[in-house]
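Read the structure below first, then the notes.
So that the names make sense, note that chain A is the first sequence line, chain B the second, and so on, each numbered from 1.
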Protein chains: 2
Amino acid sequence: MDKELFFQKLVSFTAAVHQVTHDLTKDVKTGDITPVQYKMLEYITVSQPVTLSEISDCLHMSMPNTSRELKKLCEKNLCEKMTDAEDRRKQVIRLSADGEVLMQLAFQRIATLFNQRIQETTLEDLAELERAIDLLSSKLFYVNPR
Amino acid sequence: MDKELFFQKLVSFTAAVHQVTHDLTKDVKTGDITPVQYKMLEYITVSQPVTLSEISDCLHMSMPNTSRELKKLCEKNLCEKMTDAEDRRKQVIRLSADGEVLMQLAFQRIATLFNQRIQETTLEDLAELERAIDLLSSKLFYVNPR
DNA sequence: TTTTTTACTTATCAAATGATAAGTAGGGGG
DNA sequence: CCCCCTACTTATCATTTGATAAGTAAAAAA
């Protein structure tokens with residue numbers, strides 16, 4: 001097996017993933033979200049409830065910047081922040097009702113676009129796609145805790 | 001098969017790809033390249049020779065911004081621009097010798113990091129990974145021409 | 001109880017990126 | 001030759017993002 005070619009493929013693949021997701025999220029402009037803010041919402045959506053430190057760690061953003069952007073999201077009524085009852089230094093962060101709606105829409109949009117791409121795909125192929133994603137997630141694209 | 005879950009997986013997967021590639025490229029700081037400039041270099045590397053319009057189209061950047069960033073790359077001696085002999089409005093863009101070296105290093109870095117991740121992977125698993133990438137590339141993460 | 005550490009905030013600055021207007025110069029009809 | 005279109009450039013501006021210093025308040029350690 002040609003490893004050189006394999007890594008070339010990997011690079012092209014990651015570039016393609018970037019471009020496709022870029023195309024997707026650039027239209028999720030409901031409520032004037034910046035790209036970084038969208039990423040934060042995405043992370044909160046799949047991981048809520050979260051703390052500010054967790055967002056900062058996982059998205060590789062500094063605490064001050066994370067705090068600032070989250071504040072904007074709260075001002076747009078997309079997130080809610082609450083002081084943790086057990087450790088009052090911490091902030092428990094969740095999507096607000098508006099935020100849930102927005103992300104629901106965003107996910108639907110993604111689903112729609114991907115559905116267009118898989119409409120000619122058989123169920124078996126779909127299952128294979130899922131296995132491919134699982135495999136790549138576990139072997140290559142897992143996120144290192146630091 | 002649960003489509004809802006499938007799309008959830010897709011979103012998590014794309015987010016993971018973003019994070020991993022972010023971790024990779026943030027260290028390719030040789031020559032103070034910005035993220036956008038790195039993406040341009042990556043595109044030029046796999047597609048050279050290219051024109052400015054092609055970069056602009058494929059990376060979804062406006063012509064003025066593409067022109068500006070390419071100029072910076074040329075000033076850093078990473079790219080070379082030549083007027084097309086057949087159509088003198090066009091610019092033929094290639095990596096310079098320095099640019100080739102830089103991207104070689106970048107790709108090696110990527111290879112190193114991914115090698116760490118696959119060192120315990122058998123050859124059969126590797127082949128399966130490659131098939132997974134091929135499948136996802138062809139079915140989901142292909143780039144639409146516009 | 002004092003000190004240190006953790007979690008987060010506020011303020012400020014610089015750099016990167018995106019958007020737009022207004023150009024230049026070459027190519028291709030008519 | 002004149003007009004229009006294409007490919008690209010230059011200049012300018014607003015916004016986004018990243019980085020750093022200096023704070024507050026609570027928890028944990030000493």
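Counting to the nearest Å, the P atom of dA25(D) and the CE atom of Met63(A) are 16 Å from each other. Protein atom OH of Tyr38(A) is 19 Å distant from nucleotide atom C1' of dT17(D), rounded to whole Å. Atom C1' of nucleotide dT6(C) and atom NZ of Lys90(A) are separated by 9 Å, given to the nearest angstrom. In this entry the distance linking CG of Leu52(B) with P of dC8(D) reads 5 Å, nearest Å. We find that CD of Gln91(A) is positioned 12 Å from C1' of dA26(D), with the value rounded to whole Å. Rounded to whole angstrom, the span from the CG atom of Leu70(B) across to the P atom of dC8(D) amounts to 10 Å. One can place CE of Met82(B) at 14 Å from P of dC8(D), the figure rounded to the nearest angstrom. Atom CE in Met40(A) sits about 11 Å away from atom P in dG18(D), given to the nearest Å.
There is a side-chain donor-acceptor pair under 3.5 Å between Glu100(A) and Gln48(A). A side-chain donor from one of Asn65(B) and Ser62(B) sits under 3.5 Å from a side-chain acceptor of the other. Under 3.5 Å, the side chains of Gln37(A) and Glu42(A) contain no donor-acceptor pair of N or O atoms.
Thr51(A) comes within 4.0 angstrom of sugar-phosphate atoms only, judged by non-hydrogen atoms across all strands, and of no base. Looking at heavy-atom distances under 4.0 Å, Lys39(A) makes no contact with the nucleic acid at all.
Counting only residues at least two apart or on different chains, the salt bridge (charged side-chain N to carboxylate O under 4.0 Å, His left out) pairs with a member in residues 9-20 of chain A are Lys9(A)-Glu130(B), Lys9(A)-Asp134(B).
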Protein-proximity profile, nucleotides 17-30 of chain C, B/S/- by nucleotide at the 4.0 Å heavy-atom cutoff, equals BBBBB----BS---
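Partners of Asp84(A) under the side chain to side chain donor-acceptor pair (under 3.5 Å) rule, at least two apart in sequence or in another chain, do not exist in this structure.
Taking a 6.0 Å sphere around CD of Gln104(A), one finds it holds 12 or fewer heavy atoms contributed by other residues, nucleotides or ligands.
Regarding contacts with the backbone of dT10(D), a side-chain N or O of Lys71(B) is found under 4.0 angstrom from either OP1 or OP2. Between Lys81(B) and the phosphate of dC8(D), there is no side-chain N or O to OP1/OP2 separation shorter than 4.0 Å.
Aromatic pair Phe141(A)/Phe114(B): ring centres closer than 6.0 Å.
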